[in-house]
Amino acid sequence: MSALRAAVVGGGIIGAATARRLTECGATVTLFEKEHDLAAHQTGHNSGVVHAGLYYTPGSLKARLCRRGVDLLRDYATERNLPYEECGKLVVALDGSELGRLDAISARATENGVPGVRRIGPQEIEAIEPRARGVAALHSPHTAIVDYVAITTALAGDVVAAGGTVRTGIEVTGLSPRGDEVLVGTGSGTEAFDLVITCAGLQSDRLARAAGDAATPRIVPFLGDYYLLRPELSTAVRGLIYPVPDPRYPFLGVHLTKRIDGSIMLGPNAFLSPGREAYARRSGSARDLWDAIAFPGFARFAARNVPAALRELRTAVSTREFVTEAAKYVPGLTVADVVRGPRGIRAQAMNADGSLEDDFVVTGHGRLVHLRNAPSPGATSSMAIAEYLVDAALERVAR
């Protein structure tokens with residue numbers, strides 16, 4: 001019997017991990033990526049954190065796949081001699097009003113099986129992060145940082161070593177089920193595969209809809225700007241310093257993150273992006289912006305989140321406001337201490353009622369499987385998501 005012919009669309013870390021998993025299951029795999037480099041979008045524009053699983057609803061895909069993904073990612077990095085640093089994380093309560101939410105996170109972390117998490121007071125906060133301040137915190141000692149681009153490159157190398165093909169600079173323009181095959185259209189023509197898995201991130205909804213999937217959830221892109229501490233201040237933060245999530249706001253807010261190269265990143269904020277791939281300031285896409293603001297779900301989302309939008313707008317237009325948010329956790333930081341850093345764009349899936357999809361979303365029909373939503377901790381969970389997607393795909397083939 002000939003090997004299963006499989007295609008994966010999207011060369012971020014989840015697509016590369018999925019392609020590798022398919023080769024482990026004996027498939028002949030082709031990985032398509034429209035950019036000339038892998039990890040060119042969300043994978044290459046995030047902070048590099050390996051999340052331990054503190055926040056996620058117990059029993060959700062996020063909670064389950066994050067914990068499984070951490071183990072797989074750590075073992076893979078160790079095996080391949082790729083950098084992996086358990087620098088630890090503090091979730092800091094600034095005052096008594098946040099203590100109840102801190103306790104709720106602690107309970108979730110325990111239920112999710114996150115190892116080593118404990119609540120600490122001001123003196124221990126200062127011992128772990130000398131410049132941080134708060135009335136209490138959760139300490140997650142095993143939260144880590146990595147180089148996700150390096151991991152993606154290694155995963156893709158495994159695909160090639162197993163006899164697969166990685167085709168960069170090739171945009172998939174159409175997917176058409178035909179009997180027991182799926183036709184994949186590109187600028188070079190059409191090829192037939194026995195199954196196709198799409199991991200298209202910022203373009204995931206468009207590709208899925210073109211293949212006959214539901215119109216929602218819709219991807220609404222949110223940009224996140226970062227600043228970097230000046231190199232001479234890189235020792236001011238030893239690990240990760242995060243706020244306690246506030247349920248009034250849809251996004252977490254500015255935090256401080258050590259990166260694998262030793263630099264310290266502040267951010268991100270979150271504001272509607274003028275384009276799905278508008279990484280350069282003053283860039284954008286009229287089509288992308290219209291798709292977002294004309295989507296009825298976005299108007300409903302915006303109407304419910306005016307205070308959050310105003311908060312994020314302040315940090316989007318003012319470096320001082322941005323740094324002020326970070327200085328709540330590390331007092332004394334000023335505008336003079338930072339330089340402008342990179343920009344990321346989050347592929348946020350939104351429903352027609354304006355609600356944000358909080359969990360990973362997998363859809364599809366026939367021999368097509370679509371990953372429609374994979375926000376944080378998507379990169380952390382990548383190798384576990386790959387297992388989940390491949391299991392779903394092979395089940396379809398077996399029907």
Side-chain angles (χ1 to χ4, degrees), residues 7-19 21-22 41-43 46 51 53 55-69 108 112 172 175 177 182 195-222 224 250-252 270 273 276 288 291-292 295-298 300-301 304 344-396:
V8 177
V9 183
I13 191 170
I14 298 176
T18 299
R21 179 61 179 168
L22 282 163
H41 292 291
Q42 292 183 108
T43 301
N46 65 37
H51 293 281
Y55 309 110
Y56 316 122
T57 303
S60 65
L61 276 179
K62 274 189 177 181
R64 289 158 41 206
L65 298 184
C66 180
R67 286 305 314 152
R68 170 70 175 157
R108 279 192 173 187
N112 288 338
V172 171
L175 297 169
V182 178
L195 67 89
V196 175
I197 303 175
T198 69
C199 306
L202 288 155
Q203 307 295 339
S204 60
D205 59 331
R206 289 172 174 168
L207 196 58
R209 289 202 314 271
D213 212 43
T216 55
R218 177 80 63 87
I219 292 297
V220 176
F222 287 87
F251 301 111
L252 183 59
S273 177
R276 296 193 182 200
D288 291 349
D291 274 358
F295 176 48
F298 178 73
R300 298 181 179 105
F301 168 82
R304 291 199 295 263
I345 299 178
R346 171 177 177 156
Q348 176 61 60
M350 185 179 291
N351 296 307
D353 64 1
S355 63
L356 302 184
E357 277 290 352
D358 186 54
D359 208 354
F360 301 143
V361 175
V362 179
T363 65
H365 59 280
R367 294 188 173 210
L368 271 165
V369 175
H370 303 292
L371 180 60
R372 294 286 296 259
N373 190 49
S376 179
T380 299
S381 310
S382 55
M383 297 181 76
I385 292 173
E387 291 180 335
Y388 186 87
L389 292 173
V390 171
D391 285 349
L394 295 181
E395 182 180 345
R396 291 174 184 273

Ile13, Leu371, Ile197 screened by side chain to side chain contact (heavy atoms under 4.5 Å, CB included) with Thr18, the one that passes: Ile197
Output, in order, the C-alpha distance, side-chain angles, deciding distance and verdict of side-chain contact (heavy atoms from CB on, under 4.5 Å) for Tyr388 and Arg68. CA-CA 11 Å; Tyr388 186 87; Arg68 170 70 175 157; over 6 Å; no
Where the side chain of Glu357 meets the backbone of Asn373, is there a donor-acceptor pair that is under 3.5 Å apart? no
So, the side chain of Ser381 versus the backbone of Ala384: is there a donor-acceptor pair under 3.5 Å, distance only? no
Treating Asp359 as the side-chain partner and Lys62 as the backbone partner, does any N or O pair qualify as donor plus acceptor under 3.5 Å? yes
Is there a side-chain contact between Tyr56 and Arg108 (heavy atoms, below 4.5 Å)? no
Determine whether a donor-acceptor pair (N or O, by modelled atom type, separation under 3.5 Å) exists between the side chain of Thr380 and the backbone of His51. yes
Hey, is the main chain of Asp291 close enough, under 3.5 Å, to the side chain of Arg218 for a donor-acceptor pair? yes
Nearest 0.5 Å please: distance from the CG atom of Leu65 over to the CD1 atom of Ile385. 6.0 Å
What orientation do Phe298 and Phe222 show, parallel under 30°, tilted 30 to 60°, or perpendicular over 60°? tilted
Report the C-alpha separation of Gln203 and Ile219 in whole Å, then their side-chain angles, then the decisive distance to 0.1 Å, and conclude whether the side-chain contact (heavy atoms from CB on, under 4.5 Å) test is met. CA-CA 8 Å; Gln203 307 295 339; Ile219 292 297; over 6 Å; no
To the nearest 0.5 Å, what is the distance between CD on Gln348 and CG on Leu356? 4.5 Å
When rounded to the nearest 0.5 angstrom, what distance separates SG in Cys66 from CG in Asn112? 8.0 Å
Decide side-chain contact (heavy atoms from CB on, under 4.5 Å) for Leu195 and Leu394; before the verdict, give the C-alpha distance in whole Å, the side-chain angles of both, and the deciding distance to 0.1 Å. CA-CA 8 Å; Leu195 67 89; Leu394 295 181; 4.1 Å; yes
Side chains of His370 and Thr198: is there a donor and an acceptor less than 3.5 Å apart? yes
Start with the C-alpha gap between Arg206 and Asp288, add the side-chain angles, then the distance that decides, and say whether salt bridge (charged side-chain N to carboxylate O under 4.0 Å, His left out) holds. CA-CA 11 Å; Arg206 289 172 174 168; Asp288 291 349; 2.7 Å; yes
Is there a side-chain contact (heavy atoms from CB on, under 4.5 Å) between Asn46 and Ser376? Walk through the geometry before answering. CA-CA 9 Å; Asn46 65 37; Ser376 179; over 6 Å; no
